[in-house]
**Q** 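Sharing a structure with you now.
Index from 1, following the sequence.
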Amino acid sequence: MNILFACSELYPLIKTGGLADVAYNLPAALRRQGHDIRIVLPSYSGLAEAHHKWLDYSAEVMGYPVGLLQAHLKGTDIPVYLVDCPQLFDRPGGPYGEYADQPWTDNAQRFGLFCRVSEKIALNQVGLAWHPDTVHCNDWHTGLLPLLLASHNKRPQCLFTIHNLAYQGLFDRIDFEALDLPATVDGKVLWDYQALEYYGMMSFMKAGIVFADAVNTVSVGYAKEVLSKEFGCGLEGLLRSLGEGFSGITNGIDTQLWDPSNDPMIQTIYGSHSLHRKVFNKLALLAEFQLLGHQDRLLLGIVSRLTEQKGIDLLIEALPLIMQLPVDLVVLGNGDKVLEKALLEVEKQYPMRISVKPAYDERAAHLVIAGADALLIPSRYEPCGLTQMYAQRYGTIPVAHGVGGLADTIIDIAPFSENIADSTGVLFWDFTPDALIDALQRLHFVYDNLLLWRDLQRSGMGEDFSWDISATGYSNLYQSLISQKY
Ligand code: ADP
């Protein structure tokens, strides 16, 4: 099958979160299954210099001069087409704004143009002599692509994947008009609540949901949750109306990059039969975070974007109670400046107990996952989440709010039981400091008994989170769309 995969982030070229990991690993797994998959990504600052193989294509799109470059997905033969438009993409900072919490004001134009050029690739109009059978769009940045494709009779099938429903790509009506889209597509008036309009704004996310041939999200649990008012971000009715056209496929993880027995980024490698060596990573982590002297105490780690979604506000509220337990905490994360500042304040209140590194640092992320005893993930909601799966692979126990993909991929221990059975972590169900503390107390009960602790670690390490399972799910979904067409 020929698949065009459109995304706004791609590991290792550009990453702000799990989407970049998925965009790397899912195509790689589909390629291993024999599919001809190709990726399209905006050519952000620095990418054109690093990948100067220009394709013989130049055009004016939406008034901007555009070219195409070709790179390859790291370690594979998968082509990555980079949409080059320096006026829109060659800027300092992140893919969506100079800083994470300040989006560029012309993002509708930027990702509108990205979708227009992706449409041309999907329709074999850029001189590649290649026709995709399926176009796989990811999150709001690619939302206009299903809409643009829907206006053609002869076109590939289109899947739209929601990685996070809360980020919808909302813009003013004036931005909608500047995009110069047709008034109606496939019999639907665009500026209407049944199409793009969302409470007086234009929603790229809605465009993807309404015009794709199928929609999915990144875990089975989240696919159920977003049908409710609590998690649906105002789109629950629309998603419910899709019926069987909306499903969940749980993400996997990169089991080569995240492998404690072969990880050059950690202090000491180890496996399920050499778990005693894990402590050397704890010592290195404590040293790096300057918490020396507490190696016997339970060490909690956090690797996360600092946002309310990730429950960092709950963590801050619960910290006075958490600090009454015999635990220490290291936090690696960046994002919301208010939360970052609040964490640095509490760090000062608990010297030698809490250490915060407000940074994005791949190597440090591996060390935290390997060196902490437990990984705390208090997300308010979680479409899938990856770090709980990394943690299990490293014998680091996830302690998480029981939502979305977290509840799908962690098996909770029975309260204060001496039998670990198949459990792999600790879940708390109420989003309150008390519930979080209760979970940590249950965790500590197991930590106090080395045999039980080892059972819990090994049980998580034995889980199979490889991408091949998810890739088969996607491959079946693409196939069902193609069969639907004929
Ligand atoms: P989300 O996509 O919502 O941020 P996920 O758990 O799906 O959450 O993915 C987060 C990814 O980003 C993981 O690969 C995680 O290791 C990485 N990550 C998050 N924060 C940091 C950080 N401060 N430094 C390095 N890696 C980070």
**Q** Between D434 and T432, do the side chains contain an N or O donor and an N or O acceptor separated by less than 3.5 Å?
**A** no

**Q** Between K310 and E382, does any NZ, NE, NH1 or NH2 come within less than 4.0 Å of an OD or OE carboxylate oxygen?
**A** yes

**Q** Assert yes or no for the condition that the ring centre distance of F431 to H401 is strictly below 6.0 Å.
**A** yes

**Q** E317 side chain to L315 main-chain N or O, any donor-acceptor pair under 3.5 Å?
**A** no

**Q** For a 4.5 angstrom cut-off between non-hydrogen side-chain atoms, does V330 reach V368?
**A** yes

**Q** Tell me yes or no: between the side chains of T409 and Q388, is some donor less than 3.5 Å from an acceptor?
**A** yes

**Q** With D254, which residues qualify under salt bridge (Lys or Arg N to Asp or Glu O under 4.0 Å), at least two apart?
**A** none

**Q** Enter the distance from D139:CG to F111:CZ here, rounded to the nearest 0.5 Å.
**A** 11.0 Å

**Q** Any salt bridge between D373 and K278, counting N to O under 4.0 Å?
**A** no

**Q** For the residue pair Q33 and T472, confirm or rule out a side-chain donor-acceptor distance under 3.5 Å.
**A** yes

**Q** When you check the side-chain N and O atoms of S247 and N216, is any donor under 3.5 Å from an acceptor?
**A** no

**Q** Just by distance, no angles: are the side chains of H163 and N138 close enough, under 3.5 Å, to form a donor-acceptor pair?
**A** yes

**Q** Is atom CG of N449 surrounded by more than 12 heavy atoms (other residues, nucleotides or ligands) closer than 6.0 Å?
**A** yes

**Q** Could you check whether any side-chain N or O of Y447 sits under 3.5 Å from a backbone N or O of A374, counting only pairs where one atom can act as donor and the other as acceptor?
**A** no

**Q** Verify the distance criterion only: is there a donor paired with an acceptor across the side chains of E9 and Y96 at less than 3.5 Å?
**A** yes

**Q** Between Y474 and H136, is the ring centroid distance below 6.0 Å?
**A** yes

**Q** Side chains of W130 and D36 only: does a donor on one sit below 3.5 Å from an acceptor on the other?
**A** yes

**Q** Between R393 and T255, is there a side-chain heavy-atom distance shorter than 4.5 Å?
**A** yes

**Q** May I ask you to decide whether E347 forms a salt bridge with R353, counting only side-chain N to carboxylate O separations under 4.0 Å?
**A** no

**Q** Is there a salt bridge (Lys or Arg N to Asp or Glu O under 4.0 Å) between E463 and R458? Walk through the geometry before answering.
**A** CA-CA 9 Å; E463 291 286 295; R458 290 202 179 101; over 6 Å; no

**Q** Could you name each residue pair satisfying ring pair (Phe, Tyr, Trp, His ring centres under 6.0 Å) that touches residues 318-372, not counting sequence neighbours?
**A** W258-H366

**Q** Does the side chain of L165 reach to within under 4.5 Å of the side chain of L235, using non-hydrogen atoms?
**A** yes

**Q** Rounded to the nearest 0.5 Å, what separation is found between the CE atom of M461 and the OG1 atom of T424?
**A** 13.0 Å

**Q** Consider side chain to side chain contact (heavy atoms under 4.5 Å, CB included). Of I3, L26, I78, which one does R31 pass it with?
**A** I78

**Q** Would D336 and R305 pass as an ion pair if we require N to O under 4.0 Å?
**A** no

**Q** Check whether any side-chain N or O of Q157 sits under 3.5 Å from a backbone N or O of L481 as a donor-acceptor pair, and report yes or no.
**A** yes

**Q** Could you give the distance from CD1 (I437) to CG (L443), rounded to the nearest 0.5 Å?
**A** 11.5 Å

**Q** So, do K15 and E362 sit near enough that their side-chain heavy atoms are less than 4.5 Å apart?
**A** yes

**Q** Can you confirm whether more than 12 heavy atoms, excluding those of Q256, are under 6.0 Å from its CD atom?
**A** no

**Q** Is the CD atom of E49 crowded by more than 12 outside heavy atoms at less than 6.0 Å?
**A** yes

**Q** Using the six-membered ring wherever Trp is involved, compare the ring planes of Y222 and Y381 and label them parallel, tilted or perpendicular (cut-offs 30° and 60°).
**A** parallel

**Q** I'd like to know if the side chain of R442 and the backbone of A414 have a donor-acceptor N/O pair within less than 3.5 Å.
**A** no

**Q** Please say whether more than 12 non-hydrogen atoms of neighbouring residues, nucleotides or ligands are located less than 6.0 Å from NE2 in H276.
**A** yes

**Q** Do side-chain atoms of D133 reach the backbone of N2 as a donor and acceptor pair under 3.5 angstrom?
**A** yes

**Q** Look at E230 together with R380 and state whether they make a salt bridge at an N to O cut-off of under 4.0 Å.
**A** no

**Q** Can you measure from CG (L13) to CG (L73) and round to the nearest 0.5 angstrom?
**A** 8.0 Å

**Q** Run the numbers on Y390 and D21 for side-chain hydrogen bond (donor to acceptor under 3.5 Å, both in side chains), then give the verdict.
**A** CA-CA 12 Å; Y390 301 156; D21 295 329; 3.3 Å; yes

**Q** Does the side chain of D259 pick up a donor-acceptor pair with the side chain of S261 at under 3.5 Å?
**A** yes

